[in-house]
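This structure is in structure tokens; I'll ask about it shortly.
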Amino acid sequence: MIVTRFPPSPTGYLHVGNARTAIFNWLYARHMKGKFVLRIEDTDAKRSTQEAIDAIFEALEWLGIDWDEGPYYQTQRLEIYNSYIERLIETGEAYYCTCSPEEIETMRQKAMTSGGKPKYDGTCRNKELSNIEGAVVRLKAPLSGTTIIEDVIKGNIVFQNEELDDFILCRSDGIPTYNYAVVIDDMTMLVNTVIRGDDHVMNTPKQILIYKALDCPLPVFGHVPMVLGTDKSRFSKRHGAVSVSAYKDMGYLPDAMLNYLVRLGWSHGDQEFFTRQELIDVFDLEHIGRSAGVFDPEKLLSLNADHIRATLPDELVAPLKPFLKSHGIEVKDSDLIKKVIETLHARSKTLEEMAENALFYFVDDIGYEEKAAKKFLKPAVLEALRLLIDQFEILDNFSEENLESAFKAVMDQTGLKLGKIAQPVRVALTGKTASPGIFEVSALLGQDKVISRLKKATRYIEDKG
RNA sequence: GUCCCCAUCGUCUAGCCUGGUCCAGGACACCGGCCUUUCACGCCGGCAACACCGGUUCAAAUCCGGUUGGGGACGCCA
């Protein structure tokens with residue numbers, strides 16, 4: 001059975017780059033009917049926070065990523081790491097080292113200036129020191145030969161073992177280092193498929209060495225290329241919004257985010273739009289690309305519009321409510337919201353945009369956009385508006401069909417074309433020059449509101465004239 | 001500096017493994033047009049790429065080598 005995992009370190013919000021590797025692991029596990037494990041890598045006490053943990057859970061939940069095992073916390077697994085340290089010391093695969101950080105630093109400086117790779121020189125390698133207070137544990141890494149990553153995405157990557165050094169497994173305070181804890185965790189959690197960011201390739205040979213020292217079979221490794229910003233450097237804050245929750249707040253649909261992030265670096269022929277289930281059905285590791293990709297907010301936005309359009313208005317009601325609320329609108333009538341969404345869902349790229357454009361349906365007193373009023377609410381349309389009010393007042397069924405005939409009647413009486421009448425009416429009803437169809441807007445607004453807004457517009461014109 | 005990775009339209013990518021069907025296809029953005037009561041949606045059309053050099057071959061975007069460019073990693077961070 002395939003077992004994948006996502007191991008965030010809780011030092012901040014969930015970054016879209018990290019979210020993408022979480023998604024790859026999750027999708028692959030779901031596709032293979034395997035298991036997906038969540039593990040919190042909180043060994044860095046200085047930077048790990050509970051808020052970050054909560055933020056990560058919230059973002060994963062929003063994305064619809066669930067896990068079958070965990071969350072595990074590394075800080076609760078210290079005994080496990082220690083027991084394997086003892087074993088590695090016993091078998092001679094690791095040793096205690098008492099070199100100070102300062103000494104190491106001068107070692108690095110020397111190596112750097114002489115053109116070499118900064119690494120530990122092995123001072124304590126053969127001293128067979130015992131567990132002295134303040135000692136670190138280092139792996140006794142091979143001095144020659146090669147270590148090969150058989151990467152499912154990038155192919156074989158070969159490292160000369162001379163490039164590697166006796167890196168630290170366990171810090172002087174007894175806390176395991178990242179590379180060591182990861183191996184022990186993946187090994188004991190039976191993780192057999194490790195899909196992670198490109199930035200980890202250099203860690204992988206080290207981890208392979210630990211697996212070998214432990215005489216443990218290797219998992220399958222797959223390193224996915226990074227997500228870049230427009231300037232081709234690692235995607236970060238200066239390129240725009242980077243946290244998953246920011247996109248949630250801007251009114252993106254989780255499925256759109258999922259779709260976009262997966263398609264950034266993975267493909268399935270020419271297909272651009274995927275539902276969650278389609279992704280689970282067809283996702284594979286073979287079609288993950290080898291080159292890094294630029295995060296394009298425009299394309300995400302367009303995809304979000306596609307997902308909004310593909311979602312039934314009914315299902316958009318609940319997600320839209322918080323956005324209406326943030327504009328001070330609380331509507332109890334879900335059926336009304338549904339109807340409002342029907343008029344807006346082909347013209348909204350985000351839920352936030354949809355909420356903004358829905359405001360005129362709900363507020364009591366709409367304001368006119370300055371340019372709109374200036375251009376369309378003019379004395380020339382006064383007569384048409386009054387005739388329309390007359391027509392509307394005698395309607396007993398405020399249906400779109402009846403509305404249309406009412407408009408026709410006014411067109412006949414005034415000799416004006418529909419366009420000449422519709423725009424002023426639109427401004428009167430919505431305050432803006434762009435809106436859903438004038439008949440649907442009117443029908444939804446209802447007789448009373450339409451008539452009162454039209455009357456208000458006539459008064460506005462009279463006052464100005 | 002050392003090591004590693006990458007290289008098709010502005011961007012995401014298909015094609016590359018299994019050379020010819022590719023004077024390179026799709027999508028976003030952009031530009032025209034149609035539809036039309038506005039804005040969208042939809043539809044039609046356009047712009048635009050195989051980084052460079054050399055090799056292999058009858059034939060290379062596809063295979064090989066090099067160059068250049070970009071990215072990443074070199075912590076008692078993860």
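Values below: all heavy atoms of this structure, side chains included; hydrogens, waters and symmetry mates excluded. Throughout, protein chains are lettered first and strands after them, A, B, ... in sequence-line order, and every chain is numbered starting at 1.
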Under 4.0 Å protein heavy-atom contacts per nucleotide of nucleotides 9-18 of chain B, with B for base, S for backbone only and - for none: --SBSS-B--

Rounded distance in Å - CG (A:Asp186) to P (B:rA78):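 My rounded result for the distance is 15 Å.
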
Under-3.5 Å N/O pairs linking protein and nucleotides 48-50 of chain B:
none

Separation of atom CG in A:Leu228 from atom P in B:rC6, rounded to whole Å: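 Rounded to the whole Å, the gap is 14 Å.
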
Distance below 4.0 Å between A:Arg138 side-chain N/O and B:rG75 OP1 or OP2: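 Answer no for this pair, as no side-chain N or O of A:Arg138 is under 4.0 Å from OP1 or OP2.
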
Length of the line joining A:Lys119:NZ and B:rG1:P, which is rounded to integer Å: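 Rounding to the nearest Å, NZ of A:Lys119 and P of B:rG1 are 19 Å apart.
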
Side-chain N or O of A:Thr177 closer than 4.0 Å to phosphate OP1/OP2 of B:rA78: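 Indeed not, no polar side-chain atom of A:Thr177 lies that close.
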
Cation-pi check, A:Arg426 onto A:Phe376 ring (under 6.0 Å, within 45° of axis):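 Cation-pi check for A:Arg426 and A:Phe376: fails.
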
Atom pairs and distances, donor-acceptor, side-chain atoms in residues 173-182 of chain A, under 3.5 Å, two or more places apart:
unit_1	atom_1	unit_2	atom_2	d
A:Asp173	OD1	A:Ile175	N	3.0
A:Thr177	OG1	A:Ile168	O	2.8
A:Thr177	OG1	A:Leu169	O	3.2
A:Tyr178	OH	A:His200	ND1	3.1
A:Tyr180	OH	A:Tyr81	O	2.6
A:Tyr180	OH	A:Ile85	N	3.2

Atom-to-atom span, CG of A:Asn357 to C1' of B:rC41 - whole angstrom: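 After rounding, the gap between these two atoms is 14 Å.
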
Under-4.0 Å side-chain N/O to phosphate OP1/OP2 contact, A:Arg309 with B:rG42: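 Yes, because at least one side-chain N or O of A:Arg309 sits under 4.0 Å from OP1 or OP2 of B:rG42.
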
Whole-Å distance separating the CG atom of A:Asp306 from the P atom of B:rG26: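 These atoms are roughly 17 Å apart.
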
G-U wobble or Watson-Crick pairing nucleotide for B:rG19 (cut-off 3.5 Å, both distances):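 Checking every strand shown, B:rG19 finds no partner, since no pair has both distances under 3.5 Å.
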
Parallel, tilted or perpendicular: ring planes of A:Phe24 versus A:Phe283, cut at 30 and 60 degrees: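 Rings of A:Phe24 and A:Phe283: parallel, as their planes differ by under 30°.
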
Value in whole Å for how far the P atom of B:rG71 lies from CZ of A:Phe235: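 Whole-Å distance recorded here is 16 Å.
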
Backbone of A:Glu103 reached by a side-chain donor or acceptor of A:Thr106 within 3.5 Å: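 Pair found, side chain donor or acceptor close to backbone of A:Glu103.
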
Nearest-0.5 Å distance that lies between atom CE in A:Met257 and atom NE2 in A:His307: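 Going from CE on A:Met257 over to NE2 on A:His307, the span is 11.5 Å.
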
